[in-house]
Amino acid sequence: QVQLVESGGGLVQAGGSLRLSCAASGRTFSSYVMGWFRQAPGKEREFVAAISWSGDKKYYADSEKGRFTISRDNAKNTVYLQMSSLKPEDTAVYFCAARANPVYSDYHLRSANFNYWGQGTQVTVSS
């Protein structure tokens, strides 16, 4: 069992940066693939980024490549999402998620294939 708590959301102007954090409880954090998803009002939850248990593999949605960076610190049971060059369309609730098994294909990056979820943190980007 893994419990996830996100933090770091807020209001930022377009072009600005934010760093989201996700603190996990549980002794097996380092064995999970960790991911970030987001959901804007009236839209489906969408994949943003994910990172393997060791941090050596990172996955990004095409729209976030070059702007967002995912990282993790297994000693602190924390995963991060550094977001830069933010746009109004990045406005959403951002969720942290954990997946118990490795990622072998894009199929495994779908939200339905993540086992545990945080409550989310709101990110609002003003124009």
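Computed from a prediction, not measured in an experiment: that's the story for all the values here.
A donor-acceptor pair under 3.5 Å is absent between the side-chain atoms of Thr91 and the main chain of Thr124, judged by distance alone. In terms of modelled atom types and a separation under 3.5 Å, the side chain of Arg72 and the main chain of Thr78 share no donor-acceptor contact.
Applying the side-chain contact (heavy atoms from CB on, under 4.5 Å) test to Pro102 and every residue at least two apart in sequence or in another chain returns Tyr104. For Asp56, there are no salt bridge (Lys or Arg N to Asp or Glu O under 4.0 Å) partners at least two apart in sequence or on another chain. The side-chain contact (heavy atoms from CB on, under 4.5 Å) search around Ser17 returns Gln82, Ser84, not counting sequence neighbours. By the side-chain hydrogen bond (donor to acceptor under 3.5 Å, both in side chains) test, Gln3 is found to be paired with no residue, residues two or more places apart in sequence or in another chain being considered.
When all heavy atoms of Ser127 and Ala14 are compared, the closest pair comes out as CA-CB, 4.3 Å. Closest non-hydrogen pair, Tyr60 versus Ala49, comes out as CD2-CB, 3.7 Å.
Through chains of ILVMFWY side-chain contacts below 4.5 Å, Val103 is grouped with Val33, Phe37, Phe47, Tyr59, Val93, Phe95, Leu109, Phe114, Trp117. The hydrophobic side chain of Leu11 is isolated, with no ILVMFWY side chain under 4.5 Å apart from it. Residue Tyr107 belongs to no hydrophobic cluster, having no ILVMFWY side-chain heavy atom closer than 4.5 Å to its own. Grouping Ile, Leu, Val, Met, Phe, Trp and Tyr by side-chain contacts under 4.5 Å, direct or through others, leaves Val5 on its own.
The side-chain heavy atoms of Ile70 and Val79, taken from C-beta on, include a pair separated by under 4.5 Å. At least one side-chain heavy atom of Leu86 sits less than 4.5 Å from a side-chain heavy atom of Leu18. Looking at heavy atoms from C-beta onward, Gln1 lies out of side-chain contact with Thr28 at the 4.5 angstrom threshold. Residues Gln119 and Leu4 form no side-chain contact, since every pair of their non-hydrogen atoms from C-beta on lies 4.5 Å or further apart. Leu20 has its side chain out of reach of Glu6: every pair of non-hydrogen atoms, C-beta onward, lies at least 4.5 Å apart.
The distance from the OH atom of Tyr32 to the CH2 atom of Trp53 is 14.5 Å, given to the nearest 0.5 Å. In this structure, CG in Asn101 is found 9.5 Å from CG in Asn113, a value given to the nearest 0.5 Å. Interatomic distance, OH of Tyr80 versus OG of Ser7, reported as 9.0 Å (0.5 Å rounding). Atom OG in Ser30 sits 7.5 Å away from atom CG in Asn77 (nearest 0.5 Å).
Atom CD of Gln122 has more than 12 heavy atoms from other residues, nucleotides or ligands within 6.0 Å.
Evaluation of the salt bridge (charged side-chain N to carboxylate O under 4.0 Å, His left out) test over residues 28-55, restricted to residues two or more places apart or in two chains, returns Arg38-Glu46, Arg38-Glu64, Arg38-Asp90. Evaluation of the disulfide (SG to SG under 2.5 Å) test over residues 31-80, restricted to residues two or more places apart or in two chains, returns none. Residue pairs meeting the salt bridge (charged side-chain N to carboxylate O under 4.0 Å, His left out) criterion with at least one partner in residues 98-127, sequence neighbours excluded, are absent. Screening residues 6-84 for disulfide (SG to SG under 2.5 Å) gives Cys22-Cys96 as the qualifying pairs, with residues at least two apart or on separate chains.
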(message) Please evaluate residues Met83 and Val123 with respect to the criterion side chain to side chain contact (heavy atoms under 4.5 Å, CB included), reporting the C-alpha separation (whole Å), side-chain torsions for both, the decisive distance (0.1 Å), and the verdict.
(response) CA-CA 10 Å; Met83 305 185 294; Val123 171; 3.9 Å; yes

